[in-house]
Amino acid sequence: MRRKSLISTEVFDVKRLLDQVALVTGASSGIGSGVALCLAQEGAKVIVNYASSQKGADAVVAEIKEQGGDAISIQADISQEDQVLNLFAKTYEAYGTIDILINNAGLQKDQPFTEMTLEAWNKVIDVNLTGQFLCAREAAKEFIKRGVVPGRSCSAGKIICMSSVHEVIPWAGHCNYAASKGGVMLLMKSMAQELAPHKIRVNSIGPGAIKTPINKEAWDTPAAEESLLSLIPYNRVGESNDIGKAAVWLASDESEYVHGVTLFVDGGMTLYPGFATGG
Ligand code: NAD
């Protein structure tokens, strides 16, 4: 006799983020746009933040609307406190509150260590680390003020930091970037510890190599892609959608008891692939 499934098949028809408001920073391209689309497909109303590419942000909003979703774009440089405050004010004007923050915006300014300018160092820390702090602080204030909304989510709010495998893998030639992501790791964990009593969940996603504009030279020729694949045991370069699906799960109540962790979505890049043949 077949055992009856413990999970109703109807569950799979339910949109997991229905009526929740999600802000995705740096969402006019790459991982951010993929995450915005995936969240919208699960019923979230999405704010597509962009720094300079209104065209890219509007295209993401248009795609979400074509699929029957709800989204708007808002310009803000997330490394600037006044612009972050304005971003949140406009979010509340449009949707009243926020339930999910995806701290995604980031950049690289690669230079050999001894030639690294203070400008390149500061720019990467300002956007990748300070920007995440500023946005998370504003989101957390709203989550604490509003609390849990019964029927919408078990949590008062969810913060997901876009980190990187380089929060744990050192990266020569990219000291500013690796330092920013190492900083994101302990920012995330410290926020998780402090905000848990308010029922706010804080986690990170650590992407491996995902095909986006940030790392185009690492995958846009067959030779570059072959070299990149030697670092990925699963033997496939990731797509923005891979990160989008992980973000949906981390933002949904399915992961309610997951708190203060980095979910590496990297095809095994953090498994020391150089040791696969014995080291
Ligand atoms: P991307 O360049 O396509 O996206 C980064 C986005 O951030 C861009 O839209 C950019 O305009 C935006 N941005 C930059 N500075 C900003 C600012 N001051 N204010 C607002 N927005 C700003 O690259 P991506 O790969 O999609 O990167 C997204 C995130 O994923 C970054 O945090 C990056 O570090 C991280 N990441 C990417 C990879 C990868 O392989 N692509 C791997 C690990 C981590």
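In each ligand, atom 1 is the first atom listed, and ligand 1 is the first ligand listed. Along the sequence shown, residues are numbered consecutively beginning with 1.
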Less than 3.5 Å between some nitrogen or oxygen of Ser29 and one of ligand 1, yes or no? yes
What protein heavy atom lies closest to atom 31 (C) of ligand 1? Include the residue and the distance to one decimal. Asn104 O, 3.2 Å
Does only the side chain of Gln108 get under 4.0 Å from ligand 1, or the backbone, or both, or neither? Count heavy atoms. neither
Tell me which protein heavy atom sits closest to atom 44 (C) of ligand 1, plus the residue, atom name and distance to 0.1 Å. Ser163 O, 3.1 Å
What atoms of ligand 1 come closer than 4.0 angstrom to any heavy atom of Ser28? 9 (O)
Check whether any N or O atom of Asn215, backbone or side chain, sits under 3.5 Å from an N or O atom of ligand 1, and answer yes or no. yes
Could you pull out, from Ala76, Gly34, Gly32, the option with a heavy atom nearest to atom 20 (C) of ligand 1? Ala76
Note the single closest protein heavy atom to atom 13 (N) of ligand 1, along with its residue, its atom name and the distance in Å. Ala105 CB, 3.9 Å
Indicate yes or no: does an N/O atom of Ser164 lie under 3.5 Å from an N/O atom of ligand 1? no
Nearest-contact summary for atom 12 (C) of ligand 1 - protein heavy atom, Å: Gly26 CA, 3.7 Å
Could you tell me which atoms of ligand 1, counted from 1 in the order shown, lie closer than 4.0 angstrom to a heavy atom of Gly30? 3 (O), 26 (O)
At a 4.0 Å threshold, what atoms of ligand 1 neighbour a non-hydrogen atom of Ala209? 40 (O)
To check your reading of the model: name the closest protein heavy atom to atom 24 (P) of ligand 1, its residue, and the distance in Å. Thr212 OG1, 3.4 Å
Starting from atom 19 (N) of ligand 1, locate the nearest protein heavy atom and write down its residue, its atom name and how far away it is, to 0.1 Å. Ile78 N, 3.0 Å
Need the ligand 1 atom indices (1-based, order shown) with element for anything under 4.0 Å from a heavy-atom of Tyr177. 33 (C), 34 (O), 35 (C), 36 (N), 43 (C), 44 (C)
